[in-house]
Number of protein chains: 2
Amino acid sequence: MQRQKRTTIYDIALKLNLAASSVSRALSNSNKVNAATKALVLKTAAEMNYQHNAMASNLRKGNNPTIGVVVPRINQNFFSNIIAGIEEVTYKKGYNLIICQSNELHAREVDCVNALVNQHVSCIIISIAAETGPYEHLQQVLDHQIRLIQFDRVVEELDTFKVINNNEKASYEAVTHLIEQGYRRIALLEGPQQLDIFRHRKEGYLAALRKHNIPVLEELMCENAWTKELGAEATAQLLGLENPPDAIFASTSDFSALGVLEVATNKGIQIPKDLGICGYSNEPFTELTSPSITTIDQYSISMGKTIANLYFQEMEGLEFNVEPKIVSIKPKVIVRKSTQRIPGVNTTA
Amino acid sequence: MQRQKRTTIYDIALKLNLAASSVSRALSNSNKVNAATKALVLKTAAEMNYQHNAMASNLRKGNNPTIGVVVPRINQNFFSNIIAGIEEVTYKKGYNLIICQSNELHAREVDCVNALVNQHVSCIIISIAAETGPYEHLQQVLDHQIRLIQFDRVVEELDTFKVINNNEKASYEAVTHLIEQGYRRIALLEGPQQLDIFRHRKEGYLAALRKHNIPVLEELMCENAWTKELGAEATAQLLGLENPPDAIFASTSDFSALGVLEVATNKGIQIPKDLGICGYSNEPFTELTSPSITTIDQYSISMGKTIANLYFQEMEGLEFNVEPKIVSIKPKVIVRKSTQRIPGVNTTA
DNA sequence: AAAAACAGGGCAATCGATTGCAAAACAAAA
DNA sequence: TTTTGTTTTGCAATCGATTGCCCTGTTTTT
């Protein structure tokens, strides 16, 4: 494969009998070059089909206006919204976005992070995989003076910028809403407890129960029910109890809640009358099920923007050793039919 | 901001009293360097926290193992699945993925493409924006010897590799299914006709009607009904006709079909008995509505893989001027309740 | 008219890794 | 011991753009 050489500033310089430095200055619109020359260079560059070589430029300038993003799955509503939000901001700043997915695997996450460090990106934005492991790779990022922002699922011990949802608070409010609707035996579907977000959601659940003097029952808490299938399984089990729950809070995801809904519906259980269901994430489909599912919106697109802005406002070009900020976003409970037993009463917006 | 210098191969060379070239060879596992030295270099590199500089390397080697992807919207199910599929393949090949979204705007698409050309990416994968315009920017890509793969929404005139869905065929089959179910006055919700995909879908619709000797009625074809809102509007209008349709094929998207469903349901129309509804894309929610919506699956994740494989199998490292291939994928009609009037009869799978 | 300020442009080093070629070191063959 | 062959290593150019410094005219100031 013999690709013909691209036009470089030297080619332009040669043609115009100029020095490459002048061409470079003309192209970067420096004021150290005559307006006429500038125009000539620009014109010639266009004619010769010149394209700026970002690799060479970045190498010389020692910085790469690129941000790397590592998420568990690109095609998950929450994450693709986050990415869209980030892109919206980085695009305006002329930054590129390199995207990787860990597929929830720790080894792959490490791989992705290393590739990004090799690229000398300016910043790495990450939400860690469910399969956690040592976090040396993240420490490495910092050691290499690359900015690091963790979001949603974070390694708490690691002292970095973070953008998180106040999962505990959201969870607390969701459960409070259930209680206000008269539910008393509220089951919890938990996610993998090695992830902080799921621990926090559980804490919110427990806090709400305690606050209202409702006993916490071990039998009503199901570990690792974070897919539709696992949610369905857990539900089948819960509904088979001698004293089944009157509400299920699928704190893991709306998919899990969907599993709950299907099993319950198949059993002929009336929702919300006999069983309340609350999910998490405000996936688009929650509005469309029958009944529609109460859930928690995480403002994912705007969260993505917040993350990117954090970089540009607090980190770009500034000292490396500033005190990391932690931004906490309060998610919002979206009340829908799956939990509305008492028509008039609504939870706090 | 004074960031301390990163370790380079020169630093390692200095420390070990070697030449940089040897260090480079050791790190790239060349067989032109002694095993002992190799081990020593590797060890020292690790100790000194060395990280390979991809920018310098790519510059020297004159290639950038990176693929750029431009899509209208990152957070649209179809596209995020495509991206996930592409990533799956490129990750294994050690390629990076730069993602941009055009937001359906032509100017922004041009911007994104230019940025990718500047980066000297190896390949650009694109699905064009709804707001079309001149396609010089794509011609430019080819002029710069960068591989170009168009997918889904393509500029037909442009002679490049393409991965497309056989929209006409899919559409034909969907309408045929409607006819088999006894629907006779089938309305069509069209998308922007400057996009080839929507033209093809319309052709499939027309072909199916003709094939079954069903008259084509202008009043049953609605232009530009490709969002939920527009779909709803169009439906309201259609159902107000003296002779309303008995089925609506929302060839634009499932969102549009959702609009149809809502309006029809609100009017108390029985689905599928009095009105059949068919969407396009197999969005996850189509399974969840009541009734569930018949739609067309585009195998998006596997399509993403196909696209990436096309690059690696047909283009990477090969001659630039090979005859572009066009891969056509046949989407599949997913029959659900919104069109099943006759329980037994099913369409071809 | 001499001095100072400034505009415009060129020279050459630099960013960090790679690689063709040459040199050195060592082993094997004559 | 000399010659030939094979490893191993070093030298220096290269990829393409940027930038500090210097040089040459021209304009402004005194």
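Per chain, numbering begins at 1; letters A, B, ... match sequence-line order.
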- Task: By nearest nucleotide on DNA chain D, pick out whichever of A/Lys32 and A/Ala20 is the more 5' one.
- Result: A/Ala20

- Message: If you assign B/Arg60 and B/Ala19 each to the DNA chain D nucleotide with the nearest heavy atom, which residue ends up on the more 5' nucleotide?
- Response: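 Closer to the 5' end of DNA chain D: B/Ala19.
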
Between [atom2] on [N] and [atom1] on [X], what's the gap in Å once rounded to a whole number?
X       : N      : atom1 : atom2 : result
B/Leu18 : D/dC11 : CG    : C1'   : 14 Å
B/Ile12 : D/dT9  : CD1   : C1'   : 16 Å
B/Lys38 : D/dT9  : NZ    : P     : 10 Å
A/Asn34 : D/dG25 : CG    : P     : 16 Å

NA contact type, [X], heavy-atom cut-off 4.0 Å: base, sugar-phosphate, or nothing?
X       : result
B/Thr37 : sugar-phosphate
A/Asp11 : nothing
A/Ser24 : base
B/Thr8  : sugar-phosphate

Just by distance, with hydrogens left out, do [X] and [Y] show a side-chain donor and acceptor under 3.5 Å apart?
X       : Y        : value
A/Asn77 : A/Asn81  : yes
B/Glu88 : A/Asn103 : yes
B/Tyr91 : A/Asp111 : yes

- Query: For the residue pair A/Phe78 and A/Phe151, does the interplanar ring angle fall in the parallel (under 30°), tilted (30 to 60°) or perpendicular (over 60°) class?
  - Reply: tilted

- Query: Parallel, tilted or perpendicular: which describes the rings of B/Tyr311 and B/Tyr95, with under 30° parallel and over 60° perpendicular?
  - Reply: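 Rings of B/Tyr311 and B/Tyr95: perpendicular, as their planes differ by over 60°.
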
- Electrostatic pair B/Glu314:B/Arg147 at N-O distance under 4.0 angstrom: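 No, no charged N to carboxylate O under 4.0 Å.
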
- Sidechain N-carboxylate O distance under 4.0 Å for B/Glu87, A/Arg108: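 Salt bridge between B/Glu87 and A/Arg108, a charged N being under 4.0 Å from a carboxylate O: yes.
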
- Could you list where the contact with chain A starts and ends along DNA chain C, reading 5' to 3', using a 4.0 Å heavy-atom cut-off?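 Under 4.0 Å from chain A, the extent on DNA chain C is C/dG8 to C/dG16.
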
- Query: Closest nucleotide of DNA chain C for A/Lys61 versus for A/Val33: which of these residues is on the 5' side?
  - Reply: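 Its nucleotide being nearer the 5' end, the pick is A/Val33.
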
